[in-house]
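Taking it in order: structure first as structure tokens, then the write-up.
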Amino acid sequence: MITISACLIVKNEEKILARCLDSIKDIVDEIVIVDTGSTDKTKDIARNYTDKIYDFQWIDDFAAARNFSFSKASKDYIYVADADEVIDQENRIKFLQLKEAMLPEIEIVQMKYANQLQFNTTYNFDVEYRPKLYKRVRSFCWIDPIHESIDLEPVIFDSDIEILHLPMSNHAPRDFEIFQKIINRGEKLSKKLINMYARELFIAGTKEDFLKAESFFEMLLEDDSYSFSYEERKAIQCVLVRCSSLKNDLPKLLKYSLNNVAGDKPSSEICYELGEYFFGLSDYKEAIIWFYNAAYETECELNIHYGGDYPLKKLSACYENLGNIEQADAYNELAKQWKAE
């Protein structure tokens, strides 16, 4: 049977840490806790489960903290856990079965991350696979009988283990603060982080969060060094259209909207914003066109609700304002059905 180190990075998690550690203490062989500056009883609670507790000075870099935690692990595999996660009894059994049956060539195990939509996370699916278990020491293998090279692709296994995500609060304010600090330091965000920033804005951002981000996203469209693809540019346009709408800046709203809808695949988020613009003018017939396009003719870039219950509810409101109660009720029911699914 393989051995597993569970590695966590924590800060002020006294309300939920025991819940997490209780759910994994009997299925892992080592627990490593890296504390990034707790001022509550987090470390006292951790001492009930492990003596491998380390302090790490927080530098607004989760990757650095994760790397430090990995450096303290000693077992065959490393399980990456967060304090707001829980593994129930059914999935603990599956976890132990995986330990017994793990093939040595497997380097990464993905597990189902569940219950995401309830807490406005940056993900658009309630259950999705995430890499959670990593082989601590990786071996390299030469491949190809001629022009040989090292095989760098990890061997990944998709397990049926499900992890419940049960945060006490939304992490978006913390994330937005970190994004702004990185930008203010003049550091360049990866394309992945740019998309995550845009997605998190559309899922959990306030008006203030959007307006703070506006100048950065405007700069991105002028920065040729990124070489954004068509799809990547659409996500940036979505953010800028929302910012323009929030500021009632019609020229910019038209500029970024037209750039988007002129393409092959307009974005639901932008069609929705155009619907909101005409709804605000009480031009409900025009608003219906754009809300309908958001719901049925386009695809979401950042938040699935903009292609589902959000425009359906607005279609209901448009028809109600036009006195067509039957159609209003029909769209309201569709919105409820979409959300239930």
Side-chain angles (χ1 to χ4, degrees), residues 122 124 176 179 183 189 191-319 321-322 331 335 338:
T122 57
N124 279 318
F176 293 140
F179 278 124
I183 293 166
L189 269 64
K191 288 185 178 182
K192 184 199 82 170
L193 278 184
I194 290 168
N195 184 268
M196 293 293 287
Y197 191 5
R199 186 184 302 180
E200 195 158 7
L201 282 168
F202 262 86
I203 290 174
T206 64
K207 177 180 179 179
E208 183 181 13
D209 294 325
F210 271 95
L211 297 183
K212 282 183 179 179
E214 182 181 20
S215 61
F216 171 70
F217 281 90
E218 283 187 322
M219 177 275 296
L220 289 175
L221 290 182
E222 304 299 325
D223 189 343
D224 294 333
S225 67
Y226 273 103
S227 300
F228 289 114
S229 68
Y230 169 64
E231 295 297 331
E232 291 164 343
R233 292 181 71 86
K234 287 199 297 179
I236 297 170
Q237 290 163 355
C238 288
V239 174
L240 292 174
V241 166
R242 168 60 70 83
C243 292
S244 302
S245 177
L246 290 171
K247 294 170 63 177
N248 199 27
D249 187 336
L250 183 57
K252 284 188 177 180
L253 178 68
L254 288 173
K255 173 183 175 181
Y256 297 120
S257 296
L258 289 173
N259 284 338
N260 183 274
V261 300
D264 294 334
K265 298 177 181 178
S267 307
S268 298
E269 290 88 344
I270 285 179
C271 289
Y272 180 87
E273 289 297 336
L274 290 170
E276 285 278 37
Y277 173 75
F278 288 106
F279 189 91
L281 297 177
S282 300
D283 188 347
Y284 303 118
K285 290 184 178 180
E286 186 67 22
I288 285 171
I289 294 172
W290 292 106
F291 288 133
Y292 185 90
N293 272 275
Y296 295 109
E297 303 294 339
T298 55
E299 295 181 0
C300 296
E301 308 299 331
L302 303 166
N303 185 336
I304 57 174
H305 289 281
Y306 284 85
D309 58 324
Y310 288 1
L312 291 171
K313 287 179 181 177
K314 297 301 291 194
L315 282 166
S316 176
C318 286
Y319 280 106
N321 279 291
L322 291 171
Y331 276 114
W338 188 94

Step-by-step side chain to side chain contact (heavy atoms under 4.5 Å, CB included) determination, Lys234 to Glu231: CA-CA 5 Å; Lys234 287 199 297 179; Glu231 295 297 331; 3.2 Å; yes
Under 3.5 Å side-chain donor-acceptor pair for Thr298 and Asn293: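 No pair is found: no donor N or O on one side chain lies under 3.5 Å from an acceptor on the other.
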Side-chain H-bond candidate by donor/acceptor type, Glu276 with Tyr272, under 3.5 Å: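 Yes - a donor-acceptor pair under 3.5 Å links their side chains.
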Side chain to side chain contact (heavy atoms under 4.5 Å, CB included) partner of Leu201, the single match among Leu302, Asn303, Val239: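 One option only clears the test, and that one is Val239.
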Aromatic ring proximity, centroids under 6.0 angstrom, Phe210 and Phe202: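 Ring centres of Phe210 and Phe202 closer than 6.0 Å.
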Rounded distance [0.5 Å steps], [atom1] in [X] versus [atom2] in [Y]:
X      : Y      : atom1 : atom2 : result
Gln237 : Leu221 : CD    : CG    : 6.5 Å
Trp338 : His305 : CH2   : NE2   : 4.5 Å
Ile194 : Leu220 : CD1   : CG    : 4.5 Å
Leu250 : Tyr277 : CG    : OH    : 4.0 Å
Leu274 : Glu269 : CG    : CD    : 12.0 Å
Tyr197 : Ile236 : OH    : CD1   : 12.5 Å

SB check [X] [Y] (cutoff 4.0 Å):
X      : Y      : result
Glu232 : Lys191 : yes
Glu301 : Arg199 : no
Lys252 : Glu218 : yes

Which atom pair, heavy atoms only, marks the closest approach of [X] to [Y]?
X      : Y      : value
Leu253 : Ser257 : O-OG, 2.6 Å
Tyr306 : Cys300 : C-SG, 3.9 Å
Asn195 : Ala235 : ND2-CB, 4.0 Å
Pro266 : Asn260 : CA-OD1, 3.5 Å

Check against salt bridge (Lys or Arg N to Asp or Glu O under 4.0 Å), Lys265 and Glu299: CA-CA 7 Å; Lys265 298 177 181 178; Glu299 295 181 0; 5.3 Å; no
Ala294 backbone acceptor or donor facing Ser268 side chain under 3.5 Å: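 Yes.
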Backbone N/O of Val241 and side chain of Ser245: donor-acceptor pair under 3.5 Å: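 No: the side chain of Ser245 does not pair with the backbone of Val241.
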Partner residues of Tyr226 under the ring pair (Phe, Tyr, Trp, His ring centres under 6.0 Å) criterion, sequence neighbours left out: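 Here the qualifying residues are Phe228.
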Which residues share a salt bridge (Lys or Arg N to Asp or Glu O under 4.0 Å) with Lys207, sequence neighbours left out: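 With sequence neighbours excluded, Lys207 shows a salt bridge (Lys or Arg N to Asp or Glu O under 4.0 Å) to no residue whatsoever.
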For [X], which residues count as a side chain to side chain contact (heavy atoms under 4.5 Å, CB included) partner, sequence neighbours excluded?
X      : answer
Thr206 : Glu208, Asp209
Ser225 : Lys188, Asp223
Ala287 : Phe278, Phe279, Phe291, Cys318
Lys255 : Asn259

Worked check of ring-ring contact (aromatic ring centres under 6.0 Å, His included) between Phe216 and Phe179: CA-CA 10 Å; Phe216 171 70; Phe179 278 124; 8.4 Å; no
Stepwise side chain to side chain contact (heavy atoms under 4.5 Å, CB included) test for Phe176 and Glu200: CA-CA 8 Å; Phe176 293 140; Glu200 195 158 7; 3.8 Å; yes
Parallel, tilted or perpendicular: rings of Tyr319 and Tyr331 (30°, 60°):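 Answer is parallel, since the angle falls under 30°.
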Worked check of side chain to side chain contact (heavy atoms under 4.5 Å, CB included) between Ile288 and Leu322: CA-CA 11 Å; Ile288 285 171; Leu322 291 171; 3.7 Å; yes
